[in-house]
Number of protein chains: 2
Amino acid sequence: MTDKRQRILAAALQLFCQNGFQNTSTAAISKQAGVATGTLFLYFKSKDELINSLYKETKNAFAGYVQQGINAEATVKTQLLQSWRNAANWALEHVNHFRFLAMFGNSPFIASLTKEEAANEFIFLQDLIAKAVTEEWVTTIDLDLFLALFSGQLHATVSYLNQHAGRVDKDSAIQQAFDVFIKGISRH
Amino acid sequence: MTDKRQRILAAALQLFCQNGFQNTSTAAISKQAGVATGTLFLYFKSKDELINSLYKETKNAFAGYVQQGINAEATVKTQLLQSWRNAANWALEHVNHFRFLAMFGNSPFIASLTKEEAANEFIFLQDLIAKAVTEEWVTTIDLDLFLALFSGQLHATVSYLNQHAGRVDKDSAIQQAFDVFIKGISRH
DNA sequence: CTATAAACTGACTAATCAGTCAGTAATGTA
DNA sequence: TACATTACTGACTGATTAGTCAGTTTATAG
């Protein structure tokens, strides 16, 4: 029953976001997941491995969602917008997942190998941005800086929407933030 | 000797960034700081209080630096650029401090009260941005979204520079990222 | 129905850690 | 000099925790 593995991951995610990392024991995770303490260690060699697996799988789920329904025939700008919308919507529908990624993304808790592995899933986005940079309408800018700004703006937008949930129109804020980004990197 | 208090904070910062939070014991912090374990608890009621103090004081030091040398008579755009440069330079000169802020900023480790207290130091930036929004050259945009985008872009730029330290020209990248931001929020 | 294997359990343990406190050193005061 | 106050020390402890493992249940096969 791989069902238990998922239950453990879900319980860990919830408790990490709720109580922080240090205040969440493996016993608490097991209890929340409805399994014995020993079972956790059947699926994950250690608490560390559990965390790294959670990070990797969460990031990959995110990356997978961002690519959904993208029309490769469309203009680069349209594809960027579609990715942008996907990412924002995923983040808003998976608040805890997104929070977890933000919490542990720059932390030494996550082994650097895990980080690289997860980053590979975003190559399609890098390709898209690389293509944009070669096009005339984009200002002269380093590819990596472009990528950093893209994800930075996206992250800021999602944080804003989470803090103002319900009080502002989601779709129009997403569009507005995208427009600001596109205008910023446009040559004219 | 309040010197010891600073030594404890400095040691905590270094070890948190190096080994993460859970893998840093109060004994290790004390040893690194060159004081007895008991001394740490003279200056901080608990490990939790130490972390919250470190966060608060780091954020305040950052906020203080960002405001330095700002000419209140200058245009809003010029003041924003000056703040932007200050923030980027501080972050690049205090890599661990910045890393720590990023690591624990969205985490439940930090009491929400501490967060609010630290955020108050950035009111001057909010005022500056509020003033910008009322000016004609800025596109119609919610004040909080503007603030989120500003810090998001800044954070992205600093992350980029930390990852490419030495390989790119620092000042020109800071300027370039600022130009992208200003262009993005400009009406024309 | 029986035998074998695989999944699971939870009481247990060795290790670690936050925080204490009785005692010592340093500093100030008269 | 003696006395008082404050700063500091580090061995110690009660509590917690990651991880184990001997035994039990469940699934699979002959």
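Naming: A, B, ... by sequence-line order, numbering from 1 per chain. As the structure is a prediction and not an experimental result, all values here were calculated from the model.
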Side-chain heavy atoms of [X] within contact of [Y], under 4.5 Å:
X        : Y        : value
B:Gln153 : B:Phe178 : no
B:Tyr160 : A:Asp142 : yes
B:Leu101 : B:His97  : no
A:Ser83  : A:Ile70  : yes

Roughly how far, to the nearest 0.5 Å, is the [atom2] atom of [Y] from the [atom1] atom of [X]?
X        : Y        : atom1 : atom2 : value
A:Leu128 : A:Phe146 : CG    : CZ    : 8.5 Å
A:Leu125 : A:Gln67  : CG    : CD    : 8.5 Å
A:Lys4   : A:Leu40  : NZ    : CG    : 12.0 Å

*asked:* When the axes are fitted on five pairs at both termini, how much does the helix from C:dC1-D:dG30 to C:dA30-D:dT1 curve, in 10° steps?
replied: 10°
*If you measure from the Lys or Arg side-chain nitrogens to the Asp or Glu carboxylate oxygens, is any gap between B:Glu49 and B:Lys56 under 4.0 Å?*
no
*Should A:Asp179 and A:Lys183 count as an ion pair when the cut-off is N to O under 4.0 Å?*
no
What integer distance in Å separates [X]:[atom1] from [N]:[atom2]?
X       : N      : atom1 : atom2 : value
B:Arg7  : D:dA7  : CZ    : P     : 16 Å
B:Ile29 : C:dA18 : CD1   : P     : 8 Å
B:Arg5  : D:dC8  : CZ    : C1'   : 17 Å
B:Phe41 : C:dT20 : CZ    : C1'   : 9 Å
B:Leu40 : D:dA7  : CG    : P     : 16 Å
B:Lys31 : D:dT9  : NZ    : C1'   : 16 Å
B:Asp3  : D:dC8  : CG    : P     : 9 Å
B:Leu50 : C:dG19 : CG    : P     : 10 Å

Give me the ring orientation class for [X] and [Y]: parallel if the planes are under 30° apart, tilted from 30 to 60°, perpendicular past 60°.
X        : Y        : result
A:His94  : A:Tyr65  : perpendicular
A:Phe98  : A:Phe62  : perpendicular
B:Phe181 : B:Phe150 : perpendicular

*With side chain to side chain contact (heavy atoms under 4.5 Å, CB included) as the test, would you mind laying out the steps for B:Leu145 and A:Gln176 before giving the verdict?*
CA-CA 9 Å; B:Leu145 181 54; A:Gln176 209 172 11; 4.0 Å; yes
*Does A:Lys59 count as lying over the ring of A:Phe100, i.e. NZ or CZ under 6.0 Å from the six-ring centre, within 45 degrees of the axis?*
no
_Residues B:Gln175 and B:Arg85: side-chain donor-acceptor under 3.5 angstrom_ = yes
*Atom CD of A:Glu73 with >12 non-hydrogen neighbours under 6.0 angstrom*: no
Under 3.5 Å, which protein N or O atoms sit close to an N or O of nucleotides 21-25 of chain D? Give each pair with its distance.
none

*Counting just side-chain N and O atoms, does A:Tyr43 come under 4.0 Å of either OP1 or OP2 of C:dA7?*
no
Can you tabulate the close N/O pairs, meaning under 3.5 Å, that link protein atoms to atoms of nucleotides 22-26 of chain C?
none

*For DNA chain C, which residues in residues 8-16 of chain B have a heavy atom at a distance below 4.0 Å?*
none
*When every nucleotide of nucleotides 12-17 of chain D is labelled 5' to 3' by its protein contacts under 4.0 Å (heavy atoms), B for base, S for sugar-phosphate only, - for none, what sequence of letters results?*
-----S
*With the side chain of A:Lys4 defined as its heavy atoms from C-beta on, choose the nearest nucleotide among D:dC8, D:dA18, C:dT9.*
C:dT9
In residues 132-141 of chain B, what donor-acceptor pairs under 3.5 Å come from side-chain atoms, sequence neighbours left out?
from, atom 1, to, atom 2, distance (Å)
B:Thr134, OG1, B:Lys131, O, 2.6
B:Glu135, OE1, B:Trp137, NE1, 2.7

_Just to be sure I understand the rule, does B:Leu42 reach a base, reach only the sugar-phosphate, or reach nothing, if contact means heavy atoms closer than 4.0 Å?_
base
*Start at the 5' end of DNA chain D and walk down; is the nucleotide closest to B:Gly34 or to A:Ala27 reached first?*
B:Gly34
